[in-house]
Amino acid sequence: MTFASRSIVAGHRRAFSFLLVAILLLVTLTARAAVDTFEFANDEQQHRFRTLSNEFRCPMCQNTNLTGSGGGVAEDLRREIYLMIVDGKTDDEIKEFMFERYGNFIFYRPRLTIQTILLWFGPLVFLLLGGWLVIGIIRRARSRVQPETALDEAEQERLRKLLKKVEN
Amino acid sequence: MIPELGHFSLILAFCLCALLGTLPLIGASTGNRLWIGLARPLAAGVFVFLTLSLAILAYSFVTDDFSVSFVAQHSNSMLPTRYKFTAVWGGHEGSFLFWTWMLGGWMLAVSIFSRAMPDDFVARVLGVMGIIGAGYTMFMVMTSNPFDRVLPMSPADGADLNSALQDFGFIIHPPSLYMGYVGFSVVFSFAIAALLSGRLDSAWARWSRPWANAAWAILTIGIALGSWWAYYELGWGGWWAWDPVENPPMINWLLGTALIHSLAVTEKRGVFKSWTVLLAIMAFAASLLGTFITRSGLLTSVHAFASDPTRGIYILGFLGFVIGGSLVLFALRAPLMKSEFGFAAVSREVFLLANNIILVVASAAILLGTLYPMVYQAVSGGELISVGPPYFNTVFVPLMMILVVFLVMGSISRWKKTSVSYLKKQLGIVAIAAVSLGLILPLVVTMEFSFGASIAAALGLWVIFGIVQDVRIKISNKRSVGVGLKSLAVSYIGMQIAHLGFATILLGASLTSFYSVEKSVLLSPGESMELGKYSFAFEGTEHLSGPNFQGERATFQVAENGEFMRTLHPEKRLYTASMTPSTEMAIDAGFWRDLFITLGDERESGAWSMTMYVKPFVRWVWLGAILMALGGVVAVTDKRYRRLKVKTLAATKAVDLANAAKNYQPASN
Amino acid sequence: MSRLKLFIPVVVFVALALMLWRGLYLDPRTLPSVLINKPLPEFSLPTVESGDTLMSKADLPKEPFLLNVWGSYCLPCLQENPILMQAAEDNLVPIIGINYRDKPNLAQMWLADNGSPFEYSVLDESGRLGIDLGVYGAPETFVIDGNGVIRYKHIGAIDYKAWQDEIMPAIAAVKAESLN
């Protein structure tokens with residue numbers, strides 16, 4: 001028999017939950033710029049590090065990436081990313097490392113799976129729906145257009161030139 | 001005693017809101033002039049009691065009354081006085097009272113600046129705002145009373161305001177954001193009043209435009225201030241995180257932008273009537289959704305207040321009632337709003353329609369991304385995923401690029417019908433100039449080709465050159481450029497300023513993402529490092545004592561191309577009451593680029609870890625926002641003001657005549 | 001637009017509101033473990049009790065046991081200490097500690113001051129073992145079966161209710177398995 005993974009924050013005594021929240025808050029509120037002093041062999045590695053650190057989520061913070069997170073596990077994870085880059089691992093290998101330990105939660109760029117197809121293609125679907133709506137509205141509007149009494153562009157151009165002559 | 005007065009005042013405000021939300025509305029449908037006439041005084045009364053309530057809360061903070069639970073949680077005797085004031089909105093209960101007070105402010109403004117509208121319509125507008133106010137005040141009285149006391153054992157001192165909030169940004173960002181956010185309840189109320197009254201001609205659009213524009217402009221500033229604050233507070237150069245609490249105001253802003261454009265079409269052309277009403281409802285729904293997300297614990301965010309499902313249920317119920325009710329009313333009344341006029345497939349109406357669709361699609365996409373983790377968790381039985389900036393940027397940026405292309409085409413085209421050849425003739429040259437300069441400029445300035453930067457530059461120039469071209473066409477038949485510029489309508493100038501602002505943001509946001517650089521080092525006093533054409537010489541630190549913190553203040557000599565430019569002083573602080581550290585970065589702000597230094601930690605050797613950043617064009621993001629807001633405000637000052645002046649003049653004349661008639665004594669005897 | 005189409009916004013809104021309502025009862029903050037039913041990672045670390053001896057995965061108990069992540073800086077760890085001490089006294093299961101991102105001397109002092117429910121605690125100063133376990137902050141407690149496989153994870157301090165309702169049943173289930 002196996003257990004579903006239910007990890008629930010304990011703390012039913014008010015004082016205790018307040019403490020826990022206070023500590024979590026303390027931890028997350030000190031989440032400021034992370035200043036690491038890692039040495040990279042070249043700019044490309046530095047750039048890879050920064051991109052990865054931006055795109056991974058800090059597991060213990062209230063919605064911050066690894067870059068913007070001050071202490072604790074975020075610091076350790078950045079160190080691991082650095083070591084892996086220097087060790088020659090590819091971006092995919094580094095992402096796999098993170099996924100094995102923290103799951104999909106750690107990716108700010110959700111992986112494209114069957115469960116996230118709606119997420120990634122939703123906007124496109126919305127856009128197509130919108131386009132279809134526009135076409136429908138235009139069709140109806142065109143049928144309401146009254147006979148042309150206003151001047152068209154060529155005539156307006158002529159009018160403008162005439163006015164210029166008159167005003168000068 | 002005094003906090004209880006504040007509580008009582010809040011309850012009174014609720015009662016007045018309840019009256020406002022019923023009597024004038026009933027009066028408007030039955031023609032009861034007395035009840036209609038109650039609207040303005042009731043609105044004023046609501047404002048008075050909300051102001052009293054808020055003032056008392058502020059008073060409790062300033063006098064260190066820690067028997068009030070909210071004050072004890074968010075203040076401290078050592079807190080500087082200006083932050084004691086702003087701590088009023090430093091937590092859920094107080095900030096909600098502040099939010100509601102903003103609603104009262106807008107109610108008062110509507111009751112004052114509405115003389116040009118029929119009284120029964122104004123009664124309906126204020127009535128709807130009264131319903132909203134009743135909901136907000138009842139929420140506070142039932143679940144979030146800022147005046148709850150901690151008696152008899154009041155704390156001797158408070159827990160202090162969160163150190164991140166002891167900052168100038170916190171003084172200005174929430175007020176402006178809330179003012180704009182809440183402001184959309186006005187145009188919403190106008191839309192509902194229009195639906196209720198059956199007065200669905202374009203008059204309601206004309207009346208509500210200034211209110212929509214004002215709320216939109218203020219919201220633009222509010223969001224921009226939040227972004228600017230995050231930038232210098234967080235210390236790593238980020239200025240927009242697509243956080244679940246940041247996203248609703250952005251959705252509100254996008255829908256608001258669509259709304260102000262749609263209102264323009266409805267007023268001028270009498271089309272899109274039902275669509276505009278729907279947009280007004282959706283924009284306000286975004287505002288309520290933001291309140292819900294921030295205060296219910298639904299989503300994880302650095303901005304969220306402490307969560308409480310009871311509050312969430314209440315807000316959701318209110319949301320359901322107000323928005324659900326409005327949408328049902330819309331469905332029932334919309335068929336009455338038939339467009340009389342048509343337009344061709346290529347016309348200004350169509351480009352503005354495209355603008356609307358893109359903005360609504362962008363809003364829907366952001367909403368999708370924001371709520372997806374929650375839906376995923378519910379459906380998958382507990383698994384968590386994250387949707388962050390990489391997703392939102394991937395989806396949002398292309399949509400904005402398409403929008404920019406249509407922007408120029410829309411502002412040059414004519415209402416009802418524009419020929420494609422005309423567009424090609426006027427814009428062809430603009431497109432060519434934009435694309436070629438877009439390709440060349442980045443290459444010339446940086447000696448490196450960047451595809452992304454070129455596209456961004458081309459789009460930005462497309463807008464700028466498009467504006468120049470449009471102005472040129474408009475003044476082409478005038479005697480001189482000077483005369484021509486003076487002849488431009490104020491609303492037109494406002495539009496172009498706002499569009500220029502939009503282009504500026506686009507350029508700033510994209511170029512800074514391509515060209516920003518940073519470097520982290522460990523420096524001992526006396527050492528220096530280089531980044532680009534700048535060099536930073538670290539001179540050391542000195543101890544720093546503040547009113548409620550201790551810290552270290554570092555000194556750096558910054559040189560550009562070898563020549564001394566200025567000194568910078570980043571700090572590292574520890575707030576003593578809460579024992580939380582914080583970093584104050586030192587910024588050298590500039591039009592073309594920002595430079596800044598963030599301190600890390602001091603090592604045993606006396607060396608400090610630190611990061612230097614050079615961020616070109618980042619300031620354009622906020623300058624662009626200011627331009628957009630300015631444009632929006634300028635556009636409003638156009639006819640409305642003149643009409644008001646005319647009205648006042650007419651009214652004064654009428655009064656004069658009446659007095660003259662009263663005093664007239666026919667020559668007799 | 002046909003009249004029915006006008007009701008689409010209401011329908012969409014109601015669907016959205018229902019989703020939001022459902023969402024209120026979810027907890028988005030605690031990160032469930034993805035390592036359930038995966039084997040413990042390999043490690044080789046000194047212990048708090050003896051700085052020289054290195055313990056590894058092979059040295060762990062061959063019966064179901066608790067693995068508790070703690071630190072001397074961690075207040076909730078102090079809160080749950082009595083419960084763990086009681087469990088150790090009652091000899092219910094072996095409890096092994098992971099001293100996470102801490103200093104050895106501070107850890108020793110903490111154990112001396114408060115009592116140690118642990119058979120021993122490995123020193124994870126760098127936090128690397130924590131990363132391999134998907135830890136994001138002390139305290140966290142794992143239920144490990146006799147084969148070194150992770151079977152349950154509890155995040156946060158264990159209070160009496162959590163002990164009764166979650167930990168004990170988890171241990172019982174794992175023990176029952178090994179009997180079959």
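Quick note: numbers below take in every heavy atom, side chains included, and nothing from hydrogens, waters or symmetry partners. Quick caveat, the model's predicted, so the values are computed rather than measured.
- Nearest heavy atoms, B/N477 versus A/R160: CB-O, 3.5 Å.
- Top candidate by heavy-atom pairs under 4.5 Å with chain A, chosen from B/S421, B/A354, B/S476, B/A365, is B/S476.
- A distance of 8.0 Å separates CG in B/L384 from CZ in A/R57, rounded to the nearest 0.5 Å.
- In this structure, CG in A/N63 is found 5.0 Å from CG in B/D243, a value given to the nearest 0.5 Å.
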Given the rule in the side-chain contact (heavy atoms from CB on, under 4.5 Å) test, do B/S520 and A/D36 qualify, once you have shown the distances and angles that lead to the verdict?
CA-CA 6 Å; B/S520 298; A/D36 311 304; 5.6 Å; no
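- Interface remark: B/I366 contributes no atoms to any contact with chain A (heavy atom separation under 4.5 Å).
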Run B/V387 and A/T116 through side-chain contact (heavy atoms from CB on, under 4.5 Å) and show every step you take.
CA-CA 10 Å; B/V387 178; A/T116 58; over 6 Å; no
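- With a 4.5 angstrom heavy-atom cutoff, B/E383 touches chain A only via side-chain atoms.
- Both the backbone and the side chain of B/P244 come within less than 4.5 Å of a heavy atom of chain A.
- The shortest non-hydrogen separation linking A/G68 to B/W236 is CA-NE1, 3.3 Å.
- Contact annotation: the side chain of A/P123 approaches that of B/Y391 to within less than 4.5 Å [non-hydrogen atoms, C-beta and beyond].
- In A/R111, the CZ atom is crowded: over 12 heavy atoms of neighbouring residues, nucleotides or ligands sit closer than 6.0 Å.
- Only the side chain of B/Y376 comes within less than 4.5 Å of a heavy atom in chain A; its backbone stays farther off.
- Within a 6.0 Å sphere centred on CD of A/E39, other residues, nucleotides and ligands contribute 12 heavy atoms or fewer.
- Contact of the B/K425 side chain with the A/E157 side chain is registered, since non-hydrogen atoms from C-beta on lie closer than 4.5 Å.
- Rounded to the nearest 0.5 Å, atoms CD (A/Q115) and OH (B/Y372) are 8.0 Å apart.
- The candidate with the highest count of non-hydrogen atom pairs below 4.5 Å against chain A, out of B/M585, B/R414, B/M610, is B/R414.
- Proximity to chain A involves both the backbone and the side chain of B/T418, based on heavy atoms less than 4.5 angstrom apart.
- Looking only at side-chain heavy atoms (C-beta outward), A/I137 and B/W275 stay at 4.5 Å or farther from each other.
- Comparing A/L118, A/N54, A/D43 by heavy-atom pairs within less than 4.5 Å of chain B, the highest count is held by A/L118.
- In this structure, B/L368 CG and A/L119 CG are separated by 5.5 Å, a value rounded to the nearest 0.5 Å.
- Of the inter-residue distances, the one linking A/R142 atom CZ with B/K417 atom NZ reads 9.5 Å to the nearest 0.5 angstrom.
- With a 4.5 angstrom heavy-atom cutoff, B/V521 touches chain A only via backbone atoms.
- Counting heavy-atom pairs closer than 4.5 Å to chain A, the top-ranked of the candidates B/P373, B/A364, B/P398 is B/A364.
- Rounding to the nearest 0.5 Å places OG of B/S386 at 13.5 Å from OH of A/Y102.
- Side-chain contact between B/L353 and A/L133 is absent, with no heavy-atom pair separated by less than 4.5 Å.
- Of the listed residues (A/F105, A/F107, A/F38), the greatest number of heavy-atom pairs within a distance under 4.5 Å of chain B belongs to A/F105.
- Neither the backbone nor the side chain of B/K519 comes within contact range of chain A; no heavy atoms are under 4.5 Å apart.
- At a 4.5 Å heavy-atom cutoff, B/A241 makes no contact with chain A through either its backbone or its side chain.
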